[in-house]
Amino acid sequence: RAAWPPSRCPFHLTRLYTLAAVQGSASAQGKLGLCYALGTGVAPDLAEAVRLYTLAAEQGYAEAQYNLALCYASGTGVAPDQAEAVRLYTLAAEQGYALAQFNLAI
């Protein structure tokens with residue numbers, strides 16, 4: 001029997017995100033990317049995290065744009081690219097994503 005709520009069972013949560021992500025949900029793609037980045041419910045896989053962040057960011061999901069910007073800024077899972085990081089921070093900031101706004105202000 002699965003634990004509920006899903007947040008208390010990382011494996012179940014990642015399974016739900018995966019089901020929604022393959023159907024194109026930007027939110028699920030972004031959150032599943034974070035699971036792969038942190039190793040929550042799945043083995044850590046930075047390349048998969050970046051792939052999922054990219055899918056979600058291309059759909060305009062601000063949280064994924066921010067997380068992908070962090071990857072480019074630090075070279076985590078991708079080659080460092082400050083210009084791409086700034087572009088992604090800007091896209092997220094324009095949607096009111098406060099952490100992206102903060103990073104642009106530094």
Side-chain angles (χ1 to χ4, degrees):
R1 183 174 153 189
W4 195 259
S7 61
R8 293 194 180 169
C9 179
F11 174 76
H12 185 66
L13 183 61
T14 55
R15 183 172 173 273
L16 293 175
Y17 285 152
T18 300
L19 292 172
V22 298
Q23 293 180 30
S25 167
S27 173
Q29 290 165 344
K31 292 185 184 326
L32 186 58
L34 187 58
C35 290
Y36 275 100
L38 300 175
T40 302
V42 292
D45 185 339
L46 294 177
E48 183 64 1
V50 167
R51 185 186 78 79
L52 289 161
Y53 288 155
T54 301
L55 290 173
E58 288 172 350
Q59 293 184 68
Y61 187 57
E63 183 178 327
Q65 291 167 336
Y66 171 76
N67 286 333
L68 187 56
L70 289 175
C71 292
Y72 277 106
S74 65
T76 302
V78 291
D81 185 338
Q82 296 306 310
E84 182 64 0
V86 168
R87 185 186 77 81
L88 289 161
Y89 283 138
T90 301
L91 289 173
E94 288 173 347
Q95 294 181 68
Y97 199 76
L99 293 172
Q101 293 169 339
F102 176 80
N103 282 9
L104 286 172
I106 293 177

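This one's a predicted model, so the numbers in the text were calculated from it and none came from an experiment.
Thr40 meets the side-chain hydrogen bond (donor to acceptor under 3.5 Å, both in side chains) test with no other residue; sequence neighbours excluded. In this structure, Ser27 has no side-chain hydrogen bond (donor to acceptor under 3.5 Å, both in side chains) partners at least two apart in sequence or on a different chain. The side-chain hydrogen bond (donor to acceptor under 3.5 Å, both in side chains) check on Glu94 picks up nothing, with sequence neighbours excluded. Among residues two or more places apart in sequence or in another chain, the side-chain hydrogen bond (donor to acceptor under 3.5 Å, both in side chains) test is passed with Glu84 by Arg87. With sequence neighbours excluded, the residues that form a side chain to side chain contact (heavy atoms under 4.5 Å, CB included) with Ala21 are Ala28, Gln29, Leu32. Residues passing the salt bridge (charged side-chain N to carboxylate O under 4.0 Å, His left out) test with Arg15: none are found, sequence neighbours excluded.
Between Gln23 atom CD and Thr18 atom OG1 the span is 11.5 Å, to the nearest 0.5 Å. Atom-to-atom distance recorded for Tyr66:OH and Cys71:SG is 10.5 Å, nearest 0.5 angstrom.
Follow the hydrophobic side-chain contacts under 4.5 Å out from Val22 and you never reach Tyr17; the two are in separate clusters.
Under the 3.5 Å distance criterion, the side-chain polar atoms of Gln59 are left unmatched by any main-chain donor or acceptor of Ser25.
Residue pairs satisfying the salt bridge (Lys or Arg N to Asp or Glu O under 4.0 Å) criterion with at least one member in residues 70-81, sequence neighbours excluded, are absent. The salt bridge (Lys or Arg N to Asp or Glu O under 4.0 Å) contacts involving residues 28-46 comprise Lys31-Glu63, where partners must be two or more places apart or lie in separate chains. Listed by first and then second residue, the salt bridge (Lys or Arg N to Asp or Glu O under 4.0 Å) pairs involving residues 33-42 amount to none (not counting sequence neighbours).
Membership of an apolar cluster is not assigned to Tyr61, as no side-chain contact below 4.5 Å to another ILVMFWY residue is traced. The hydrophobic cluster analysis finds Leu46 isolated: no Ile, Leu, Val, Met, Phe, Trp or Tyr side chain comes under 4.5 Å of it, directly or through other members. Other residues sharing the hydrophobic cluster of Leu38, ordered by chain and number and joined by side-chain separations under 4.5 Å: Leu34, Val50, Tyr53, Leu68, Tyr72, Val78, Leu88, Leu91.
Among all heavy-atom pairs drawn from Gly30 and Ala56, the shortest one is N-CB, 3.7 Å. The two residues Ala93 and Ala100 come nearest to each other via the heavy atoms N-CB, 3.7 Å.
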